[in-house]
Amino acid sequence: MAGRVRQIILPALAAALVAGLVLVPLGAVVIRAGGFSALRGTDLSALWFTLWQAALSAALSCLLAVPVARALNRRRFAGRSVLISLMGAPFILPTIVAVMGLIAVFGRRGAVNAGFAALGLPNVTIYGAHGVILAHVFFNLPLATRMILHGWQAIPAERFRLAASLGFGPGTVQRHLEKPMLRAVLPGAFLAIFLVCLTSFAVALTLGGGPRATTVELAIYQAFRFDFDLGRAASLALVQVGICLAALALAARLTAPPAFGAGLDRAPMRFGGGRALALQDLLAIAGAALFLLGPISAIVLRGLPALPDLAPGIWAACGTSLGLAATSTLLTLALALPLALAAPRHPWAEGAAMLPMVASSLVLGTGLFLMARPFVNPTSLALPVTLLANAALSLPFVVRLLIPEVRVLQADYDRLAASLNLRGLARLRLLTLPRLARPLGFGAGLAAAFSMGDLGVITLFSDGETKTLPLALFQLMGAYRMDQAAAAACLLTTLTFALFWACDRIGHHADPR
Amino acid sequence: MLTLDKLHIQQGDFTLRADFTVPHGALCAVIGPSGAGKSTLLAAVAGFLPPAGGRILWQGQDITHAAPGARPLSILFQDQNLFPHLSVTQNLGLGLNPKLRLSTSDHAKIAAALTRVGLADLGARKPAELSGGQQSRVALARALLRARPLLLLDEPFAALGPALKSDMLALVAEIAAEQGTTVLMVSHDPADARTLCSQTILVAEGTAHPPQDTAALLDHPPAALAAYLGA
């Protein structure tokens, strides 16, 4: 009995911390908002834009992902597995870097407009609603592709063998095998992307704006920075919470399949099909690769030569960002591990870990700002607040990653450990950490990359002096110093991926298997 | 001496009652139809299932509410008896010190136990580098090191071939005789029970019956057992 109580002390403490971190700022928002009277007509259009751009981004990502995933599933070519791995990269690529890359390709002086000009076509602009959606598709097409590819690979090879032995053509295979799979997978993929796009801030900040392309998150920022209307910011934050809650309620009816680690090693399946199908697959794969790699390459080409010219302030920002990423990752892990270990037996632990999903970065920021203002100058808290928000927002991802592994661990070894009296720190050192090393490393990598690349809360609090690397990059873009911005983007990307890689490696290395 | 005093185990609709004593040093088979509750009985004795009523006593001392690791027993499960990420030596070391802080004399004991089960020099290996039979020997060596007076076997050798299995059972009998261990052994094979165990607990129709003479029970099985044995 005493053991039971001791076991839940840590998770209960972690749950209380998370709850405090999320609910107290939300309370501050609710009190300050005092209803929705401060909202204006433009805020309603922000709500409308948030919803339809998220729906359209999700629909386009899923629609485009189907041919790409199908092609990747049935073709074998050199570089296929590299391409599939790269599909995971946008998940940790800093938003601001991707936006820069898209501007480099689709912007006024980008390759696309150069091509249009050569053909005598009018210029297109990347700024506005379509730019926001383009960026969202850039981020989420790979995610959708991986989810759908996973669905394809989950169809047992025996089914395809049976289909071949019955002489099914491509159309029949589609009807009996692929359509049912897509019907099962697509709603989950759509919803996952829809959720992510609902809280889009950095993309809207850089590519959107104006009455036609402002998300609720961006509207919060504008109410803060431009109007300094805290009541309206708080009301908008409430709207954002409402959106998140509604979306989560929707998601609860539909459990999304895991998006990570699609098995890639299935033995190649012989696939007939004609020239037309081959051409279609080639186009899908080449198109996706070009769309994903083009913007990144553009940044690298432009940024690398400018690296030596970077102002010293950038290096300081690097240090700040690395420190933030390291600390917030440690905090995330310290909260995630006890909650994940308790989750299989205590549903409240999982609930606490998922709590940050009701708040977005800017909502938390608004609440924390409102709380801090009576006591200190909020700008002096820019870094601690960013740290807390980043740790809280990574928590649901990391805990979701850990829970299935924890279940396996407990099912396999709980009895053995109990019969050997393996408890407490000894159990942590000899059993839990070694067995969970891989997901812990991977989760730490995600959390570190997310924190490194995040451009959210810091924009509310920063006085322009204290800055993270993404904020410095944003300022360079705002000052139209594009070469330096590209160089900073190279630096940020390298550091982000290095952090992710290092954490993931440490996890693999610590796994004694 | 293990006493199950009006023990009552409840799992949903499933009920199992036991009220008997197993004499000290007995080798006792536990047989009965599949799903009758043989493993459940062992799980309750080992402390993985809190009983709905009754007591479990060892030498007159109530251990009904003791933690599994604090009970005077070792248990070998059907599988997952070893931690795959720890070496053989570490797996054995856990039997001596759960914190794995091992002294020189501990290491000597581990080496001796490994030699005893015929696995000298394999201490550095991981379980995956051993055959199924060798893995069983490691688990048994750990029970040997822990030297608890009661040993529960929940068919740990079921996956082994017939020859290996009888080797292992013979080793169990030898070790039990040396250490004066009381053994409860779930078995599907009446021949095993006959050769090794003088006593047998029949688990059938919601009751674990008191230990009886194995030969007499198998020669004149009650209806429930007869159906199971196909005799």
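Numbers restart at 1 for each chain; the letters A, B, ... are given by sequence-line order, proteins then strands. All values below come from the heavy atoms of this structure, side chains included, with hydrogens, waters and symmetry mates left out.
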Item to check | Top of B:Ala67, B:Ala70, B:Gly69 for chain A proximity - count of heavy-atom pairs under 4.5 angstrom | outcome: B:Gly69

Next on the checklist: For B:Leu82, which atoms come within 4.5 Å of any heavy atom of chain A: side chain, backbone, both, or neither?
Outcome noted: backbone

Next on the checklist: When you compare the side chains of B:Ser74 and B:Arg146, does any donor N or O come within less than 3.5 Å of an acceptor on the partner?
Outcome noted: yes

Checklist entry - Which atoms of A:Arg429 come close to chain B, meaning under 4.5 Å heavy atom to heavy atom: side chain ones, backbone ones, both, or neither? => result side chain

Next on the checklist: Could you check whether any side-chain heavy atom of B:Leu130 comes within less than 4.5 Å of a side-chain heavy atom of B:Arg137, counting everything from C-beta outward?
Outcome noted: no

Checklist outcome for this item: Whatever's closer than 4.5 Å to a heavy atom in chain B on A:Leu425 counts as neither

Checklist entry - Distance only, no hydrogens: is a donor on one side chain within 3.5 Å (strictly under) of an acceptor on the other, for B:Asp62 and B:Thr64? => result yes

Checklist entry - With only heavy atoms counted, which part of B:Arg101 is less than 4.5 Å from chain A, the side chain, the backbone, both or neither? => result side chain

Next on the checklist: side-chain contact (heavy atoms from CB on, under 4.5 Å) for B:Leu100 and B:Gln90? Distances and angles first, verdict last.
Outcome noted: CA-CA 7 Å; B:Leu100 223 46; B:Gln90 287 175 310; 3.9 Å; yes

Checklist outcome for this item: Bottom line for B:Phe83: the part with an atom under 4.5 Å from chain A's heavy atoms is both

Next on the checklist: Before you tell me yes or no, could you show the steps for A:Phe500 and A:Phe442 under ring-ring contact (aromatic ring centres under 6.0 Å, His included), namely the whole-Å CA-CA distance, both residues' side-chain angles and the distance that decides it to 0.1 Å?
Outcome noted: CA-CA 8 Å; A:Phe500 173 77; A:Phe442 184 64; 5.7 Å; yes

